[in-house]
Amino acid sequence: MIWIGFIISIIAFEWVMKRKMDQTLKVNESIAIWNGKIVLKKYHNKGIAFDRFSKYPKLIIGITSTFIIGLFAWFLVLLGTPKQLIKKFALSLLLGGAISNLLDRITKYYVMDYFSFSWKKIRHIVFNIADFCIFIGSILLFFLFLKKGKAD
């Protein structure tokens, strides 16, 4: 049950952050913090990964929903197994992030992003906590599969 709680916590935290950004900033408005290195910028991402496929919101919802169902089925199988904590953690991150973004897509047809960086090579990338969770969860699973491949 701890893993389900973790997924719900990600979704709830992201909902609170998006609501706060909605109340604080207008679309494309930004506030620099931490000596200007981090930028809070409200952005409506109508596509996936840098606004790709923004003309196909229903397709994005369908693919994302299918992906989430598959991940959740895998997650449920893993819940019944002992150990595999890193895999359960990674799947929890992926599910929390993906469900949070899917809720935006279903209710608004866009995902609100609100973090950016003002560093030389990382400009114009705006993301949210859900995206970060998806990224970290994916990296963890990637390395777990690499490790498993070396052991075989």
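Numbering starts at 1 and runs along the sequence shown.
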Review point. After noting the C-alpha distance and the side-chain angles of Phe143 and Ile86, does the key distance pass the side chain to side chain contact (heavy atoms under 4.5 Å, CB included) rule?
Key: CA-CA 10 Å; Phe143 283 113; Ile86 296 173; over 6 Å; no
Point to revise | Thr24 side chain vs Lys20 backbone, donor-acceptor pair below 3.5 Å | key: yes
With rounding to the nearest 0.5 Å, note down the distance linking [atom1] in [X] to [atom2] in [Y].
X      : Y      : atom1 : atom2 : answer
Arg19  : Met21  : CZ    : CE    : 13.0 Å
Lys42  : Met112 : NZ    : CE    : 4.5 Å
Ile7   : Cys133 : CD1   : SG    : 11.0 Å
Ile106 : Ile99  : CD1   : CD1   : 10.0 Å
Asn128 : Tyr43  : CG    : OH    : 12.5 Å
Ile60  : Tyr56  : CD1   : OH    : 10.0 Å

Practice item. Scan Thr64, Asn45, Asp131 and name whichever one has a side-chain hydrogen bond (donor to acceptor under 3.5 Å, both in side chains) with Asn101. Key: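 One option only clears the test, and that one is Asp131.
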**Study point:** Results of side-chain contact (heavy atoms from CB on, under 4.5 Å) for Phe89 - residues two or more places apart only
**Key:**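 Residues passing side-chain contact (heavy atoms from CB on, under 4.5 Å) with Phe89: Trp3, Phe6, Leu93, Leu140.
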Do [X] and [Y] belong together in a cluster built from hydrophobic side chains that touch within less than 4.5 Å?
X      : Y      : answer
Phe67  : Phe135 : yes
Phe115 : Val111 : no
Leu95  : Leu85  : yes
Val16  : Ile33  : no
Leu141 : Leu146 : yes

Within the 4.5 Å heavy-atom criterion, are [X] and [Y] side-chain neighbours or not?
X      : Y      : value
Ile129 : Phe13  : yes
Tyr114 : Met17  : yes
Ser65  : Leu102 : yes
Lys87  : Phe75  : no

**Study point:** Whether over 12 other heavy atoms sit under 6.0 Å from Ile4 CD1
**Key:** yes
Point to revise | Heavy-atom neighbours of Asn28 CG exceed 12 at 6.0 Å | key: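 Atom CG in Asn28 is crowded, with more than 12 foreign heavy atoms closer than 6.0 Å.
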Determine the minimum heavy-atom distance between [X] and [Y], stating which atoms define it.
X      : Y     : value
Ile134 : Leu94 : O-CD2, 3.5 Å
Ile10  : Gly96 : CG2-C, 3.6 Å
Thr81  : Leu78 : OG1-O, 2.6 Å
Ser100 : Glu14 : OG-CG, 2.9 Å
Pro82  : Lys88 : C-NZ, 4.5 Å

Check your understanding: Restricting to pairs with a member in residues 132-145, which pass side-chain hydrogen bond (donor to acceptor under 3.5 Å, both in side chains), not counting sequence neighbours?
Key ->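 Counting only pairs at least two positions apart or across chains, no side-chain hydrogen bond (donor to acceptor under 3.5 Å, both in side chains) contact touches residues 132-145.
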**Study point:** Where at least one partner belongs to residues 99-117, residue pairs that pass salt bridge (charged side-chain N to carboxylate O under 4.0 Å, His left out), sequence neighbours excluded
**Key:** Lys18-Asp104, Asp104-Lys108
